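This structure is a prediction, so every number in the text was calculated from the model and none was measured. We use all heavy atoms of the structure for the numbers below, so side chains are in, but hydrogens, waters and symmetry mates are not.
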Amino acid sequence: MPVLRLLLISLLALMPVSARAASQPIDTAPRIALFSAFEPEWQALLAVVEQPVSHKEKGVDFVTGRVEGHDVVLVLSGVSMVNAAMTAQMAIDRFNLRAILFSGIAGGVDPSLNIGDVVVSQQWGQYLETILARETPQGFQLPSWSKQEFPNYGMIFARGVKVPRDGVDKPERQFWIPVDAKLFEIARTATSHVELKRCIEAACLVHPPKVVVGGNGVSGSAFVDNAAFRTWAFDTFKAQVLDMESAAVAHVAATNAVPFLAFRSLSDLAGGGAGENEMQTFEKLASENSVAVLRAFLKAVPK
């Protein structure tokens with residue numbers, strides 16, 4: 001027994017301090033987390049925060065401050081599902097969060113929507129959580145232990161994931177993760193008359209942008225610029241938008257019982273446009289339109 005104890009102490013001594021120490025809260029004030037994924041979205045949020053104080057944890061940027069009378073923490077998640085999930089858990093561990101809101105750009109897959117529109121989806125799915133099926137003379141064939149949940153795109157068969165929660169011993173596989181119902185109802189009534197930008201620098205939108213509250217969003221680790229895949233995503237999931245982070249944050253928020261809502265403005269049409277992808281042309285405009293809707297929402301949220 002003494003030898004085992006000595007060995008354990010020796011191993012602990014060899015571990016770096018950062019690995020041994022539990023995550024320490026940065027502060028305990030109740031805050032709303034405002035997430036963005038990359039620089040244009042981040043700059044649009046930074047432009048509206050008051051009394052900003054910067055923090056950096058494991059290379060991730062956090063900024064505490066106030067927006068529309070609320071104590072907030074801005075979080076730069078980084079692009080991708082993994083980065084989004086990681087930073088969401090970091091924020092939950094280090095701050096006392098009232099809610100998580102995501103503000104950013106997305107690809108539009110609903111043919112009725114246009115670049116610059118802002119979508120507040122009612123539920124999110126991880127549409128690239130998939131089985132890549134075996135090809136046989138009879139077509140693509142799933143393993144015998146699985147079942148088809150959605151129409152496939154070639155060998156790609158989308159499927160749900162298990163979302164662990166307190167009080168649920170054996171979580172069942174689910175595709176859709178709903179946003180917080182109370183936050184969604186506030187968005188439905190508070191964002192309809194927001195004035196959105198139509199022009200930025202030398203570029204203007206063909207259609208005046210609008211706010212759409214409701215419907216489905218999907219997320220996955222792929223930048224989509226393919227017309228056929230876009231059509232499949234719309235037909236299969238009845239999705240308005242697709243991005244690379246929101247469903248991952250929704251998943252983490254659900255496990256931690258933190259209310260979640262996302263605001264996504266279309267910067268491009270995910271391959272549905274007539275010419276080259278327009279994300280770089282309209283990413284700044286879309287980012288600012290998303291923040292405009294977010295601010296209108298925050299004004300209506302009880303302090």
Side-chain angles (χ1 to χ4, degrees), residues 33-45 59-61 74-91 100-110 113 115-121 123-130 132 150 153 156 158-161 163 175-177 179 215-227 229-234 236-237 239-254 260-273 277-287 289-291 294:
L34 306 181
F35 271 68
S36 58
F38 80 130
E39 196 64 21
E41 301 168 346
W42 179 246
Q43 291 301 325
L45 278 175
V60 177
D61 288 316
L74 277 57
V75 184
L76 182 57
S77 72
V79 175
S80 91
M81 299 286 278
V82 173
N83 279 333
M86 175 190 72
T87 51
Q89 191 62 57
M90 287 177 68
I100 296 176
L101 309 177
F102 210 115
S103 176
I105 66 174
V109 293
D110 184 335
L113 300 182
I115 292 175
D117 292 350
V118 180
V119 177
V120 187
S121 298
Q123 58 184 2
W124 287 88
Q126 301 177 57
Y127 78 121
L128 292 184
E129 182 73 29
T130 65
L132 303 185
F150 296 97
Y153 185 82
I156 300 173
R159 63 202 300 252
V161 296
V163 182
F175 185 83
W176 296 111
I177 303 173
V179 301
N216 303 329
V218 292
S219 307
S221 292
F223 182 86
V224 177
D225 191 33
N226 182 277
F229 193 82
R230 174 187 192 257
T231 299
W232 171 76
F234 176 69
T236 302
F237 307 109
Q240 280 68 55
V241 296
L242 55 81
D243 66 32
M244 299 174 68
E245 298 88 20
S246 295
V249 179
H251 185 142
V252 175
F260 171 78
L261 192 67
F263 302 83
R264 288 290 188 168
S265 182
L266 275 56
S267 61
D268 64 279
L269 299 179
N277 187 282
E278 295 178 283
M279 186 193 82
Q280 289 192 325
T281 301
F282 291 111
E283 60 186 15
K284 187 173 186 291
L285 180 147
S287 296
N289 278 353
S290 181
V291 169
L294 170 69

For [X] and [Y], indicate whether the former's side chain and the latter's backbone hold a donor-acceptor pair under 3.5 Å.
X: Gln43; Y: Pro40; result: no
X: Thr87; Y: Ala84; result: yes
X: Asp225; Y: Gly271; result: yes
X: Arg230; Y: Val224; result: no
X: Ser287; Y: Gly104; result: no

Tell me, please, which residues at least two apart from Asp117 pass salt bridge (Lys or Arg N to Asp or Glu O under 4.0 Å).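 Salt bridge (Lys or Arg N to Asp or Glu O under 4.0 Å) check on Asp117 returns Lys210.
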
For Asp61, enumerate each residue passing the salt bridge (Lys or Arg N to Asp or Glu O under 4.0 Å) test, keeping only those at least two apart in sequence or located in another chain. Lys56

Shortest non-hydrogen contact from [X] toward [Y]:
X: Ser219; Y: Ser246; answer: OG-N, 3.4 Å
X: Ser221; Y: Leu128; answer: N-CD1, 3.9 Å
X: Ile105; Y: Glu41; answer: N-OE2, 2.8 Å
X: Val179; Y: Ser121; answer: CG1-O, 3.5 Å
X: Ala44; Y: Val291; answer: CB-CG2, 3.7 Å
X: Trp176; Y: Gly217; answer: CZ3-O, 3.5 Å

State, with a plain yes or no, whether a side-chain heavy atom of [X] is found less than 4.5 Å away from one of [Y].
X: Phe237; Y: Val109; value: no
X: Glu245; Y: Asn83; value: no
X: Leu34; Y: Ser103; value: no
X: Arg264; Y: Phe102; value: yes

Near Glu39 CD, under 6.0 Å, is it more than 12 heavy atoms from other residues, nucleotides or ligands? yes

Might you work through the side chain to side chain contact (heavy atoms under 4.5 Å, CB included) test for Ile100 and Val75, ending with a clear yes or no? CA-CA 10 Å; Ile100 296 176; Val75 184; over 6 Å; no

Spacing of [X] atom [atom1] and [Y] atom [atom2] [to the nearest 0.5 Å]:
X: Thr281; Y: Ile115; atom1: OG1; atom2: CD1; answer: 8.0 Å
X: Met81; Y: Glu129; atom1: CE; atom2: CD; answer: 8.0 Å
X: Asn277; Y: Asp268; atom1: CG; atom2: CG; answer: 4.0 Å
X: Tyr127; Y: Trp232; atom1: OH; atom2: CH2; answer: 7.5 Å
X: Gln280; Y: Ser267; atom1: CD; atom2: OG; answer: 10.0 Å
X: Thr231; Y: Asn226; atom1: OG1; atom2: CG; answer: 8.5 Å

Ring centre gap for Phe150 and Phe175 strictly below 6.0 Å: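 Aromatic pair counts; centres sit under 6.0 Å.
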
Check the pair Thr236, Tyr153 against side chain to side chain contact (heavy atoms under 4.5 Å, CB included), reporting the backbone distance first and the verdict last. CA-CA 9 Å; Thr236 302; Tyr153 185 82; over 6 Å; no

Verdict with reasoning, Trp42 to Leu74, per side chain to side chain contact (heavy atoms under 4.5 Å, CB included): CA-CA 8 Å; Trp42 179 246; Leu74 277 57; 3.6 Å; yes

Determine the sole option in Asp243, Asn216, Val249 for which the side chain to side chain contact (heavy atoms under 4.5 Å, CB included) test with Trp124 is passed. Asp243

Sequence neighbours excluded, the answer for side chain to side chain contact (heavy atoms under 4.5 Å, CB included) partners of Ser265 is Val118, Ala286, Asn289, Ser290

Gln126 vs Ile177, test: side chain to side chain contact (heavy atoms under 4.5 Å, CB included). Steps then yes/no. CA-CA 9 Å; Gln126 301 177 57; Ile177 303 173; 4.1 Å; yes

